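Here the structure is a predicted model, which is why all the values come from computation and not from measurement.
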Amino acid sequence: MSILVLNRSDYFVKNFNYEFLKDPDVILKEFRSTRIKCFSECVKDSACFYLKFRTDICKLYNKNAIVKKIIANDMFIYTKMSNIYSDSEKFNDYFMASSESISHNTIPSEIISSVDNPFGINLDEWDQSDNLTTTSSTSSSIIPPVIISSINNPYGVNWGVWGSIEECDHDDHVVGFRTKLYPYQGLGLGPSIDDTALNGVELICSNGKRLKSSEGEFGSWDTIFRNCSNQQKIKGFFYGIHQKQVNGDNTATNLIRLNCTNGFRITSLEGSWSTSIISISCPYGVIVGLRTQVQSSQSTTDNTALNNIEFICKII
């Protein structure tokens with residue numbers, strides 16, 4: 001079993017520049033171990049969704065760790081590929097519990113830090129002895145950004161390469177977006193009838209700055225940005241993914257919708273093959289950036305373009 005784990009890359013995916021906030025509710029176990037034993041323990045434990053192995057210490061995490069995911073340079077986690085999230089997961093309840101503990105209590109001293117991060121938060125400047133709280137004057141400089149993502153979609157859709165992280169300027173936030181859609185090409189598979197649905201997502205910030213990560217080569221952009229009213233912030237998103245087709249045409253992500261803080265939902269161009277539509281909310285803060293996973297044009301007749309998306313949430 002141990003040799004199999006090390007030689008089969010499809011058991012785990014290594015996710016660079018990520019870390020989890022330390023929370024006893026998401027850590028299954030922590031122990032001194034060899035690398036082989038660490039991976040083997042996660043394979044054997046059906047509740048293990050993620051692991052981290054560093055300096056002979058193994059940490060295994062459950063599925064709820066996804067709401068504790070943050071950007072952290074020079075760190076990495078492993079995702080266990082045999083476990084996926086179902087579309088019935090009630091993570092918003094866990095988000096609310098997590099958000100309340102962060103917003104109204106002192107900042108946990110056990111928050112795991114790194115050298116720095118791409119969002120300008122200097123974790124070395126934190127002084128936990130000051131018993132800092134998330135007041136309006138300090139919250140944006142205390143709480144790290146957190147990632148919400150479609151990567152753990154219930155259909156295992158995960159083709160392509162992740163683009164660059166793009167973020168609004170300091171103290172700005174996302175107010176709208178538009179999508180790039182390749183419309184229906186025809187029934188079946190073939191060079192002239194291959195469907196890819198969404199090929200890209202572009203955000204617009206409150207100061208007019210545009211954010212775009214990677215994009216597919218097919219289709220056209222919506223002619224205008226779809227914005228929340230009165231510069232409202234955005235607190236979450238909906239995504240629709242086409243489950244994997246055995247003999248049919250795969251299209252991956254078909255729709256992205258954004259949820260404004262006033263409850264209004266904004267939409268742009270959409271495909272029509274979503275197997276289900278799933279919503280994810282920021283555990284705290286609002287959306288300030290994104291990163292997209294896009295499959296480049298394949299030599300085969302079945303391309304999928306936009307596969308997954310990550311949004312960055314941050315208190316501003």
Side-chain angles (χ1 to χ4, degrees), residues 1-95 97-99 101-102 108-115 117 123 144-162 241 243-244 278 280 283 291 293 307-308 310:
M1 171 64 74
S2 298
I3 296 175
L4 182 64
V5 171
L6 292 182
N7 291 338
R8 288 285 302 275
S9 60
D10 57 335
Y11 270 91
F12 294 91
V13 170
K14 190 174 185 179
N15 309 119
F16 291 94
N17 297 325
Y18 288 131
E19 176 61 290
F20 295 126
L21 294 176
K22 189 172 182 181
D23 182 341
D25 290 334
V26 303
I27 299 176
L28 293 172
K29 60 179 72 172
E30 180 177 350
F31 55 97
R32 187 171 295 278
S33 171
T34 63
R35 181 181 296 272
I36 293 176
K37 181 175 175 55
C38 182
F39 279 75
S40 298
E41 286 296 312
C42 188
V43 169
K44 292 185 293 184
D45 190 342
S46 62
C48 180
F49 272 52
Y50 308 94
L51 72 82
K52 185 177 70 173
F53 181 80
R54 194 176 181 94
T55 59
D56 298 328
I57 300 298
C58 177
K59 291 184 181 180
L60 307 185
Y61 298 86
N62 63 29
K63 66 171 63 177
N64 292 326
I66 191 67
V67 306
K68 300 293 183 176
K69 185 178 176 183
I70 62 172
I71 294 289
N73 284 351
D74 302 322
M75 304 292 284
F76 53 85
I77 57 177
Y78 292 91
T79 299
K80 182 179 172 183
M81 294 305 295
S82 60
N83 284 334
I84 58 176
Y85 291 83
S86 71
D87 56 3
S88 62
E89 299 286 358
K90 303 295 185 182
F91 279 112
N92 278 341
D93 294 338
Y94 194 85
F95 286 160
S98 301
S99 178
S101 66
I102 292 174
S109 61
E110 66 271 17
I111 287 178
I112 303 172
S113 65
S114 61
V115 176
N117 59 65
L123 303 182
V146 65
I147 306 297
I148 56 176
S149 174
S150 66
I151 187 63
N152 292 107
N153 63 81
Y155 310 113
V157 171
N158 185 15
W159 296 295
V161 176
W162 286 95
I241 284 187
Q243 69 181 15
K244 291 181 178 179
I278 300 169
I280 304 179
R291 187 172 74 138
Q293 181 194 35
N307 270 242
N308 286 289
E310 293 180 340

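Here the CD atom belonging to Glu30 is positioned 8.0 Å from the NZ atom belonging to Lys52, to the nearest 0.5 angstrom. The OH atom of Tyr61 sits 5.0 Å away from atom CD1 of Ile27, with the distance rounded to the nearest 0.5 Å. For the atom pair Asn153 CG and Asn307 CG, the distance stands at 8.5 Å (nearest 0.5 Å). Rounded to the nearest 0.5 angstrom, Leu51 CG and Lys14 NZ are separated by 11.0 Å. We find the CZ-CD1 distance between Phe20 and Ile147 to be 11.0 Å, quoted to the nearest 0.5 Å. Atom CD1 of residue Ile280 and atom OG of residue Ser150 lie 7.0 Å apart, to the nearest 0.5 angstrom.
For the residue pair Glu41 and Phe31, the shortest heavy atom distance occurs at CG-CZ, 3.9 Å. Looking at every heavy atom in both residues, Ser33 comes nearest to Cys38 through OG-N, 3.3 Å. When every heavy atom of Pro283 is checked against every heavy atom of Ile148, the shortest pair comes out as CD-CG2, 3.9 Å. In this structure, Asn152 and Thr79 approach most closely via the heavy-atom pair ND2-CG2, 4.3 Å.
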Please step through side chain to side chain contact (heavy atoms under 4.5 Å, CB included) for the pair Lys244 and Val157, ending with a clear verdict.
CA-CA 7 Å; Lys244 291 181 178 179; Val157 171; 4.2 Å; yes
Go through the steps for Asn64 and Phe49 under the test side chain to side chain contact (heavy atoms under 4.5 Å, CB included), then give the verdict.
CA-CA 9 Å; Asn64 292 326; Phe49 272 52; over 6 Å; no
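Partners of Asp56 according to the side chain to side chain donor-acceptor pair (under 3.5 Å) rule, which considers only residues two or more places apart in sequence or in another chain, do not exist here. Not counting sequence neighbours, the partners of Phe76 by the ring-ring contact (aromatic ring centres under 6.0 Å, His included) test are Tyr78. Legend: residues meeting side chain to side chain donor-acceptor pair (under 3.5 Å) with Asn158, ordered by chain and number and at least two apart, are Gln293.
Between Ile241 and Pro154 there is no side-chain heavy-atom pair separated by less than 4.5 Å.
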